[in-house]
Amino acid sequence: MKRMLALACCALLVAALVDGVTWHRNRLRTALVGNYADALPADPALHQYAKQLALTAYAKNCAGCHGAALQGDTRRGVPDLRRGVWLYDFGRVSDIERTILYGIRSGNAKGRNTTDMPAMGILHRLTPGEISDVAAYVMSLTHQGMDSPTVARGAAIYQGKGECFDCHGADATGNIDWGVPSLNDGAHLYGDSMADITTSIHDGRHGMCPAWVGVLDPATIRALALMLHDAATGNPKA
Amino acid sequence: MKLDQAVSARAAQDPARRTLLLSAAGAVAGLLLGGYALFTAGGTIAAGVPPEDVALVNNRPILQSDFVTQTQIETGAPFHDATPADRQHVLREMIDEELLVQRGLDVDLAASDPDVRSAMVAGVNLQVDAEVLASQPDPAALRAYYAAHATRYTIDGTMDVRDLVARNAGGDAGALVAALRGGMDMAAATTQYGFLDSGRLGHGDNYDFGVKAKFGDALYQAAVGLHDGQVAGPVTEDGAMHVLVMLHRKPATQLGFDAARDTVWQDMQREARAHVEQANLDFLRARADIRVAAGFSP
């Protein structure tokens with residue numbers, strides 16, 4: 001009889017433990033998705049929970065392009081997610097979450113599909129010489145010692161015939177509403193060598209990111225956004 | 001005998017009953033705990049709004065992320081700066097929209113409203129076309145496409161031509177042509193030989209395609225090969241005699257590859273989109289049950 005009682009107590013304890021863990025995870029999940037993305041509590045347990053959730057999903061769905069260590073790949077224009085340089089909006093958790101939800105040029109109507117970098121060379125909007133001049137000008141925004149006359153010609157094309165200013169801005173700071181990169185922060189998606197920049201201008205760029213809404217659950221998407229935000233901001237809670 | 005002593009005595013007499021009671025108590029406790037866990041686990045919330053949503057409208061969620069974005073769009077400010085009234089206003093709008101969308105689905109608006117159908121078709125094609133729209137031009141492919149379709153890349157010619165038609169059966173077309181070719185003033189010759197301007201074509205330069213549309217094929221073919229100052233005719237059309245006088249001709253010009261690149265790229269993309277859209281339709285057709293009535297063919 002005593003043995004049976006002990007077994008029953010053990011079973012109850014195990015059940016209570018399982019339920020306790022479930023309850024705790026539900027509490028964290030609710031905190032994760034129930035708060036506004038940009039107002040998540042500074043709770044280390046919450047960030048840790050999100051990170052655990054995100055790491056599994058990241059390894060399965062994102063690492064193939066973005067790399068196991070978030071390092072990206074300049075050959076394919078995949079951003080280094082650790083740098084905190086965001087094409088769209090301000091890099092808030094909500095901004096990152098939106099990109100993950102609906103993607104970039106993903107075919108989702110809510111995706112970030114505003115604009116492309118035109119192939120100025122292939123479509124002969126600029127001559128090879130003009131492209132070299134503009135590339136030199138772009139290089140000069142982040143590198144010292146560029147040839148001044150070439151840079152001056154490139155700047156004139158940038159502000160004139162090339163119409164680069166129209167998207168990238170007269171001051172080359174880009175446009176976060178359209179996903180147009182800043183050219184003077186040294187964070188070139190496709191590499192920052194003269195050859196890389198020349199290729200970007202000549203061939204154009206049209207990076208893509210799939211839409212994950214309906215594929216991943218909302219908590220996982222929020223967790224990914226939080227993890228990436230933490231990684232980019234060096235959040236010690238991450 | 002005290003009560004507890006009586007229970008103990010009774011229990012001692014009936015161990016099977018005690019076992020049953022304890023088992024039942026354990027089962028009830030297990031059911032309670034299991035039920036709680038079941039109805040509070042993620043994705044199985046049966047009552048209330050899931051935490052990732054701001055509202056459920058007939059069980060369809062309005063995602064918090066969408067609400068935040070919509071609020072920021074409408075207020076033009078970060079979400080945390082939106083007042084409660086702003087948020088309330090936006091949420092009401094989103095709920096209203098969801099209600100109307102659901103109503104549209106209920107009454108199967110897509111079956112009857114051409115705008116809804118067009119929007120749905122465009123939405124599906126946008127998804128299918130995503131890869132094509134994000135593709136980059138390949139120089140060799142551009143050049144090959146241009147070479148295969150060079151005749152498409154021309155600038156249409158223009159002409160300023162007069163169509164002189166016999167005023168009546170007495171018009172002398174042969175004499176008019178001879179007089180015009182001999183250098184006689186067109187107005188004087190037209191009057192003298194019983195002709196008048198048909199008025200089918202405006203004076204001044206007209207694009208070839210416009211001339212063709214207004215003249216018809218026979219007259220257009222007679223006109224298109226003329227150079228400045230040349231006269232064609234007589235040409236008979238619908239029983240009437242026509243004489244054509246070309247005042248100014250600018251023939252169609254072939255665009256070189258460099259000049260045509262933009263258009264070539266657009267054409268390639270258009271064809272690629274048509275290709276993937278057709279492939280999608282083929283796939284859908286293969287899965288669909290389509291029956292066509294006798295005498296019709298799709």
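Just so it is clear: chains get the letters A, B, ... in the order the sequence lines come, proteins before strands, and each one is counted from 1. All values reported here derive from a predicted model rather than from experimental measurement.
In summary, A:Arg92 and A:Asp89 do not engage in a salt bridge, as defined by a charged side-chain N under 4.0 Å from a carboxylate O. For B:Arg103 and B:Glu98, the salt-bridge test fails: no basic side-chain N is under 4.0 Å from an acidic carboxylate O.
Both the backbone and the side chain of B:Asp66 come within contact range of chain A, judged by heavy atoms closer than 4.5 Å. Using a 4.5 Å cut-off between heavy atoms, A:Ile104 does not touch chain B at all. Only the backbone of A:Ser106 has a heavy atom closer than 4.5 Å to any heavy atom of chain B. Looking at A:Tyr102, the atoms closer than 4.5 Å to chain B (heavy atoms on both sides) all sit in the side chain, from C-beta outward. Heavy-atom distances place no part of B:Asp129 under 4.5 Å from chain A, backbone and side chain included. B:Leu133 touches chain A through its backbone: at least one of N, CA, C or O sits under 4.5 Å from a heavy atom, while the side chain does not. B:Thr69 touches chain A through its side chain: at least one heavy atom from C-beta onward sits under 4.5 Å away, while N, CA, C and O do not. If you measure heavy-atom distances from A:Asp203 to chain B, the contacts under 4.5 Å come from both the backbone and the side chain. Both the backbone and the side chain of A:Ile122 come within contact range of chain B, each with at least one heavy atom under 4.5 Å from a heavy atom of that chain. When heavy atoms are compared at a cutoff of 4.5 Å, A:Arg125 approaches chain B solely by way of its side chain, counted from C-beta outward.
Rounding to the nearest 0.5 Å gives a distance of 9.0 Å between OG1 of B:Thr263 and CZ of B:Arg270. Distance check: A:Glu97 CD to A:Trp212 CH2 gives 15.5 Å after rounding to the nearest 0.5 Å.
With hydrogens and angles ignored, the 3.5 Å screen pairs a side-chain donor or acceptor of A:Arg105 with a backbone N or O of A:Gly207. Judged purely by atom type and a 3.5 angstrom limit, B:Gln269 has no side-chain atom pairing as donor or acceptor with the backbone of B:Gln266. Although no hydrogens or angles enter the test, the distance criterion places no donor-acceptor pair under 3.5 Å between the side chain of B:Asn280 and the main chain of B:Glu277.
Ranked by heavy-atom pairs shorter than 4.5 Å toward chain A, the options B:Pro78, B:Ser23, B:Gly26, B:Pro137 are led by B:Pro137. Of all the listed residues (A:Gly204, A:Ala119, A:Gly111), the one sharing the greatest number of non-hydrogen pairs under 4.5 Å with chain B is A:Gly204. The choice from A:Asn35, A:Asp38, A:Leu32, A:Asp95 that makes the most heavy-atom pairs within less than 4.5 Å of chain B is A:Asn35.
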*Go through the steps to decide whether B:Tyr145 and B:Arg152 satisfy the test side-chain hydrogen bond (donor to acceptor under 3.5 Å, both in side chains), and finish with yes or no.*
CA-CA 11 Å; B:Tyr145 188 92; B:Arg152 287 186 195 171; 2.6 Å; yes
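When only modelled atom types and interatomic distance are considered, B:His275 and B:Glu271 share no side-chain donor-acceptor pair under 3.5 Å.
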